[in-house]
There are 2 protein chains.
Amino acid sequence: MKTQGQHFRIYTPASLGAAIRHYRQQAGLSQADLAERTGLNRTYLSDLEQGHETEQVKRILRVLKQLGVRMTLEEADW
Amino acid sequence: MKTQGQHFRIYTPASLGAAIRHYRQQAGLSQADLAERTGLNRTYLSDLEQGHETEQVKRILRVLKQLGVRMTLEEADW
DNA sequence: CTAGTGTGTCTGAATATCAGGGCAACGTTA
DNA sequence: TAACGTTGCCCTGATATTCAGACACACTAG
């Protein structure tokens with residue numbers, strides 16, 4: 001029944017964070033909920049959603065950009 | 001003139017690495033070339049392509065999986 | 001054979017990151 | 001008002017990661 005969810009193009013840590021926040025809220029989860037489900041720290045998720053500039057993400061995105069590749073996030077509906 | 005390149009679904013650090021390697025080779029670049037262009041260390045790229053299990057990438061993929069979101073890489077042809 | 005290229009891997013030092021605990025601010029609800 | 005849920009943010013110690021530089025191996029070209 002294809003809700004045909006939107007998709008996000010990821011260019012920066014900030015857009016990655018915004019997308020994650022979107023999907024988390026869409027799932028009706030709090031940061032604490034998601035932290036528990038993933039075994040991660042809530043502070044980490046907070047930072048992640050805010051696009052807290054992490055070197056690793058920036059590095060990977062830099063590589064992809066250099067290669068002319070774009071990253072996309074979309075609902076999986078496996 | 002759509003070369004209609006293939007796309008990659010990223011589930012693990014290994015699949016991310018494989019995709020990056022694919023695009024790098026397609027671009028006709030050596031690891032050293034890409035390292036120079038991105039300002040990164042060649043060793044890092046080597047590890048990245050091999051899917052060297054990095055906690056950070058795994059964490060992010062874990063979050064996305066938990067949210068039912070999939071990551072895709074594809075040629076940008078901006 | 002020799003030189004050059006591409007890649008994997010090792011080391012140690014320098015950085016970056018994460019978890020855990022806590023607190024403040026805000027909005028909502030009773 | 002008080003209680004609660006949610007989120008941003010700070011701190012600290014423990015970990016994970018990245019870098020530089022070097023070396024070995026495989027492969028190819030000359």
Side-chain angles (χ1 to χ4, degrees), chain A residues 5-6 8-75, chain B residues 3 5-6 8-73 75:
Chain A
Q6 77 191 100
F8 293 82
R9 292 192 183 175
I10 309 303
Y11 307 105
T12 63
S15 54
L16 172 63
I20 288 177
R21 169 158 299 183
H22 168 86
Y23 288 121
R24 175 179 62 77
Q25 296 182 327
Q26 181 178 279
L29 298 174
S30 67
Q31 291 179 345
D33 291 332
L34 186 55
E36 186 177 10
R37 296 193 186 194
T38 54
L40 298 172
N41 192 286
R42 190 185 66 75
T43 296
Y44 169 74
L45 292 178
S46 176
D47 288 345
L48 182 61
E49 293 189 354
Q50 291 175 82
H52 196 278
E53 302 283 307
T54 70
E55 288 304 318
Q56 290 207 6
V57 173
K58 281 198 294 185
R59 271 185 279 259
I60 291 175
L61 291 173
R62 204 187 317 164
V63 168
L64 295 179
K65 181 175 183 181
Q66 187 58 233
L67 293 176
V69 175
R70 80 172 159 226
M71 178 182 288
T72 303
L73 295 187
E74 57 201 322
E75 290 176 58
Chain B
T3 316
Q6 76 191 96
F8 292 82
R9 292 193 183 175
I10 309 304
Y11 306 106
T12 64
S15 55
L16 172 63
I20 288 177
R21 167 157 300 182
H22 168 87
Y23 289 120
R24 176 178 62 77
Q25 297 183 327
Q26 181 178 279
L29 298 175
S30 67
Q31 291 180 346
D33 291 332
L34 186 55
E36 186 175 11
R37 296 192 185 196
T38 55
L40 299 173
N41 193 287
R42 190 184 66 75
T43 298
Y44 169 74
L45 292 178
S46 177
D47 287 345
L48 181 61
E49 292 190 354
Q50 292 176 80
H52 195 278
E53 301 282 310
T54 69
E55 289 302 320
Q56 293 202 21
V57 173
K58 283 198 293 185
R59 271 187 279 260
I60 290 175
L61 291 173
R62 204 188 317 164
V63 168
L64 295 179
K65 180 176 183 181
Q66 186 57 234
L67 293 177
V69 176
R70 81 174 159 224
M71 178 181 289
T72 303
L73 296 186
E75 290 175 60

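Below, read A as the first sequence line, B as the second, and so on, with proteins coming before strands; counting in each chain starts at 1.
- When every heavy atom of A:Thr38 is checked against every heavy atom of B:Val63, the shortest pair comes out as CG2-CA, 4.0 Å.
- Residue B:Leu34 contributes atom CG, which lies 13 Å from atom P of C:dG6 at whole-angstrom precision.
- Counting non-hydrogen atoms under 4.0 angstrom, A:Glu49 reaches nothing in the nucleic acid.
- Considering all non-hydrogen atoms of both residues, B:Leu73 and B:Ala19 come closest at CD1-CB, 3.9 Å.
- The residue B:Ser46 sits close to a base: some heavy atom pair falls under 4.0 Å.
- Listed by chain and residue number, nothing satisfies the salt bridge (charged side-chain N to carboxylate O under 4.0 Å, His left out) test with A:Arg42 (two or more places apart in sequence, or in another chain).
- Nucleotides of DNA chain D with any atom under 4.0 Å from a heavy atom of chain B span, from 5' to 3', D:dA16 to D:dA22.
- Just one residue in the list B:Gln25, B:Gln26, B:Arg24 forms a side chain to side chain donor-acceptor pair (under 3.5 Å) with B:His22, and that residue is B:Gln26.
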- Under 4.0 Å protein heavy-atom contact, by nucleotide of nucleotides 18-30 of chain C - B base, S sugar-phosphate only: SBBBB--------

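- Figure legend: A:Arg59 and B:Tyr44 shown as a cation-pi pair, the cationic atom lying under 6.0 angstrom from the six-membered ring centre and within 45 degrees of its axis.
- Scanning both residues, A:Leu67 and B:Ile20, for their nearest heavy atoms gives CD1-O, 3.9 Å.
- A:Glu74 and B:Thr72 are linked by a side-chain donor-acceptor pair at a separation below 3.5 angstrom, with hydrogens and angles left out of the test.
- No side-chain N or O of A:Ser46 forms a donor-acceptor pair with one of A:Thr43 less than 3.5 Å apart.
- Atom NE2 in B:His52 sits roughly 12 Å away from atom P in C:dG8 (whole-Å rounding).
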